[in-house]
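A short worksheet on the structure shown next.
The sequence lines fix the lettering, A, B, ..., with proteins before strands; numbering per chain opens at 1.
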Amino acid sequence: MLTLKKSSEFQDVFKSGKWSSSDTLVIYSKKINSEVNKVGVAVSKKIGKSVVRNRLKRLAREAYRLNEEKLQKGFNIVIVYKNSVNPEELNFEKVEKELCKCLKKAGIFKENVD
RNA sequence: GGAGUAAGUCAGAUAAUCGCUGGUAUUGAAGAAAUACGAGAGGAAAGUCCGGGCUCCACAGAGCAGGGUGCCAGCUAACGGCUGGUGGAGGUAACUCUAAGGAAAGUGCAACAGAAAGAUACCGCCUGAAAAGGUAAGGAUGGAAAGGCAGGGUAAGAGCCUACCAGAGAUAUGGAGACAUAUCUGCUAUGUAAACCCCACCUGGAGCAACACUGGAAAAAGAACACAUGGGCUGCUCGUCAGUUCUUUUUCACAAAACGUGGCUUGAGGCAUAUGGCGACAUAUGUCCUAGAUAAAUGAUUAUCAAAUACAGAACCCGGCUUAUAGAUUUGCUCUAUAU
RNA sequence: GCGGGUAUAGUUCAAUGGUAGAAUGCGGUGCUUCCGACCCCGAGAUGUGGGUUCGAUUCCCAUUACCCGCU
């Protein structure tokens with residue numbers, strides 16, 4: 001799993017990418033000329049303390065990792081948690097569900113997969 | 001058995017599958033990558049309230065200003081920390097708390113009430129015909145009222161005298177000291193220094209986003225040059241150092257705010273034993289190596305253990321303080337009930 | 001990571017250690033045929049917990065929330 005690292009890459013995805021959202025997540029994506037996908041996760045400081053934010057990042061990364069094979073390639077993706085999220089209500093199953101929903105909306109899933 | 005008090009310890013474990021970040025070894029020309037082995041968040045990692053190391057500024061200068069600390073002795077690299085004691089406060093007790101120098105160097109403040117707020121006594125009491133004088137027992141106020149209270153004494157009164165209590169000074173004894181005890185003198189000096197201040201001691205500034213190293217080109221404009229200007233922490237005054245560059249803009253290229261590499265983890269380190277000390281701690285010997293990331297590493301699923309749930313995530317390092325914290329557990333001591 | 005600041009009525013701001021005040025908003029009364037404007041009256045607050053002081057918005061300590069700067 002490759003991650004986005006530069007600030008300029010993040011800004012590029014935010015400005016010129018497509019977005020789709022669910023109750024808890026917003027996903028920005030941009031197609032580029034590449035054979036791999038890159039992912040970044042962003043959690044606002046308003047959601048909680050560092051323990052909470054780290055936990056949410058891990059959940060998102062794990063959910064992405066388990067579903068990575070089902071995706072089309074050549075995208076830069078940024079996963080953002082909404083500020084209205086209640087961290088106590090989230091567990092791994094919910095995050096995975098929401099993430100897949102958003103990715104389908106964005107059209108990144110391969111067509112022949114449910 | 002109950003209630004309490006003090007000091008600690010732990011902070012889920014084991015197994016399986018998938019996955020993450022360093023290290024070592026092997027393969028590989030190297031890089032990337034792969035395989036194997038082993039390691040991988042805390043008691044507060046937090047708040048940033050103190051202190052120190054380290055780096056740069058002149059290895060760090062002078063004076064004033066400013067800031068901090070404040071019973072005594074010790075410990076420590078240092079401290080506003082810790083240990084042991086002294087005084088005071090609370091508790092039946094075990095024990096706990098305590099910013100605790102100076103108000104007799106000076107200044108300020110003490111609203112309202114009250115005659116009066118450390119000072120010219122309003123009413124009152126006594127002497128006296130009056131004028132005037134002597135007084136502070138009693139009176140209302142107030143947080144605080146001329147040491148308190150009782151007796152003697154007196155014209156009325158008053159430490160004027162006496163006992164007890166409280167405060168001040170002197171002397172003696174004990175103690176390293178804070179201070180304690182005893183005796184004598186004598187009756188005045190209110191409170192506030194977490195008001196200014198005085199005294200004693202300490203204090204240069206900035207911080208790893210510090211700092212060092214490597215890495216492209218071209219052009220234009222401006223400023224200042226030796227008794228001058230700018231810079232070297234903040235306020236001022238001095239002193240001193242370096243000695244020609246500095247600032248801005250544009251174009252191309254670009255990891256480009258170089259988001260690169262180092263600094264970076266072996267350290268006032270941990271553990272065990274012995275010795276010295278009431279103790280904090282010190283010394284000696286042996287032994288161990290235990291995160292180092294940079295959009296930032298510990299996660300997901302399943303099973304078992306009654307249950308798996310608190311506060312919470314290293315970011316240069318260390319010593320403290322403060323604050324948050326589910327549950328489990330050990331030891332010492334105190335009071336109390338019942339039984340023997 | 002480092003440095004600094006703020007918190008007072010519903011809102012915007014004042015206040016030498018001595019009764020917390022103003023504007024606006026809110027409620028009521030009057031005026032008006034009714035509403036508005038105007039007049040009168042009223043309620044309403046020192047972020048939280050300790051300490052110093054006779055007395056704390058003010059001084060000291062801790063804590064919570066928010067904001068700003070460095071990069």
Self-check item: Pairwise C1' distance, U249(B) and C233(B) [rounded to whole Å]
Solution: 31 Å

Exercise. If the glycosidic angle is within 90 degrees of 0 it's syn, otherwise anti, so just tell me which one G21(C) is.
Key: anti

Quiz item: Quick one: NZ on Lys49(A) to CG on Asn54(A), what's the gap to the nearest 0.5 Å?
Solution: 14.0 Å

Quiz item: If we take the P atom in both G43(B) and A272(B), what is their distance in whole Å?
Solution: 16 Å

Self-check item: N-glycosidic conformation, G159(B) - syn within 90 degrees of 0, else anti
Solution: syn

Quiz item: Applying a 3.5 Å limit to both distances, which nucleotide forms a Watson-Crick or G-U wobble pair with G114(B)?
Solution: none

Self-check item: For U17(B), the Watson-Crick or wobble counterpart (both distances under 3.5 Å)
Solution: A300(B)

Exercise. Check whether any side-chain N or O of Asn91(A) sits under 3.5 Å from a backbone N or O of Lys94(A) as a donor-acceptor pair, and report yes or no.
Key: yes

Quiz prompt | Donor-acceptor under 3.5 Å (Ser20(A) side chain, Cys102(A) main chain) | solution = yes

Quiz item: Syn versus anti for G27(C), judged by chi lying within 90° of 0?
Solution: anti

Quiz item: Using Watson-Crick pairs (N1 to N3, plus N6-O4 or O6-N4) and G-U wobble pairs, both distances under 3.5 Å, which stems of at least 3 pairs involve RNA chain C?
Solution: C:1-7 with C:64-70, C:10-13 with C:21-24, C:26-28 with C:40-42, C:47-51 with C:59-63

Quiz item: Which value, in whole Å, describes the distance between the C1' atoms of nucleotides C187(B) and A200(B)?
Solution: 34 Å

Self-check item: Residues Arg65(A) and Glu62(A) bridged, charged N to O under 4.0 Å
Solution: yes

Quiz item: Considering Watson-Crick and G-U wobble pairs with both distances under 3.5 Å, what does G222(B) pair with?
Solution: C246(B)

Exercise. Please measure how far the P atom in A77(B) lies from the corresponding atom in A284(B), and state the result in whole Å.
Key: 13 Å

Self-check item: Residue matched to U35(B) through Watson-Crick or wobble contacts both under 3.5 angstrom
Solution: A25(B)

Self-check item: More than 12 heavy atoms of other groups within 6.0 Å of Lys97(A) NZ
Solution: no

For nucleotides 322-326 of chain B, tabulate all protein N/O to nucleotide N/O atom pairs closer than 3.5 Å, reporting atom names and distance.
none

Quiz item: Using atom P of each nucleotide, how far apart are A56(C) and A193(B) to the nearest Å?
Solution: 15 Å

Quiz item: Base, backbone or nothing for each nucleotide of nucleotides 294-304 of chain B, written B, S, -, heavy atoms under 4.0 angstrom, 5' to 3'?
Solution: -BSSSBSS---

Practice problem: Please state the P separation for the pair G313(B) and A308(B) - nearest whole angstrom. | Solution: 25 Å

Self-check item: Rounded distance in Å between the C1' positions of G232(B) and U245(B)
Solution: 16 Å

Quiz item: So does Lys18(A) have more than 12 non-hydrogen atoms from other groups sitting under 6.0 Å from NZ?
Solution: no

Self-check item: Shortest non-hydrogen contact from Phe75(A) toward Ser29(A)
Solution: CD2-CB, 4.4 Å

Exercise. Would you mind pulling out the nucleotide paired to G61(B), Watson-Crick or G-U wobble, both distances under 3.5 Å?
Key: C238(B)

Quiz prompt | Partner nucleotide of G262(B) by Watson-Crick or wobble geometry (both distances under 3.5 Å) | solution = C211(B)

Exercise. Identify the nucleotide, in any strand shown, that forms a Watson-Crick or G-U wobble pair with G74(B), with both distances under 3.5 Å; if there is none, say none.
Key: C82(B)

Exercise. Please state the P separation for the pair A73(B) and U86(B) - nearest whole angstrom.
Key: 15 Å

Quiz item: With Val51(A), which residues qualify under side chain to side chain contact (heavy atoms under 4.5 Å, CB included), at least two apart?
Solution: none

Quiz item: For U162(B), which nucleotide is its Watson-Crick or G-U wobble mate, given both distances must be under 3.5 Å?
Solution: A150(B)

Quiz item: What residues form a side chain to side chain contact (heavy atoms under 4.5 Å, CB included) with Asp23(A), not counting sequence neighbours?
Solution: Glu98(A)

Quiz item: Rounded to the nearest 0.5 Å, what separation is found between the CG atom of Leu59(A) and the CD1 atom of Ile79(A)?
Solution: 11.0 Å

Quiz prompt | Short side-chain to backbone donor-acceptor contact, Lys105(A) and Ser21(A), under 3.5 Å | solution = yes

Quiz prompt | Anti or syn - A217(B), cut at 90° from 0 | solution = anti

Quiz prompt | Heavy-atom side-chain contact between Ile27(A) and Val78(A) under 4.5 Å | solution = no

Exercise. Check the chi torsion on G142(B) and let me know: syn if it falls within 90° of 0, anti if not.
Key: anti

Quiz item: Taking only residues two or more places apart in sequence or in another chain, which ones pass side chain to side chain contact (heavy atoms under 4.5 Å, CB included) with Ser50(A)?
Solution: Arg53(A)

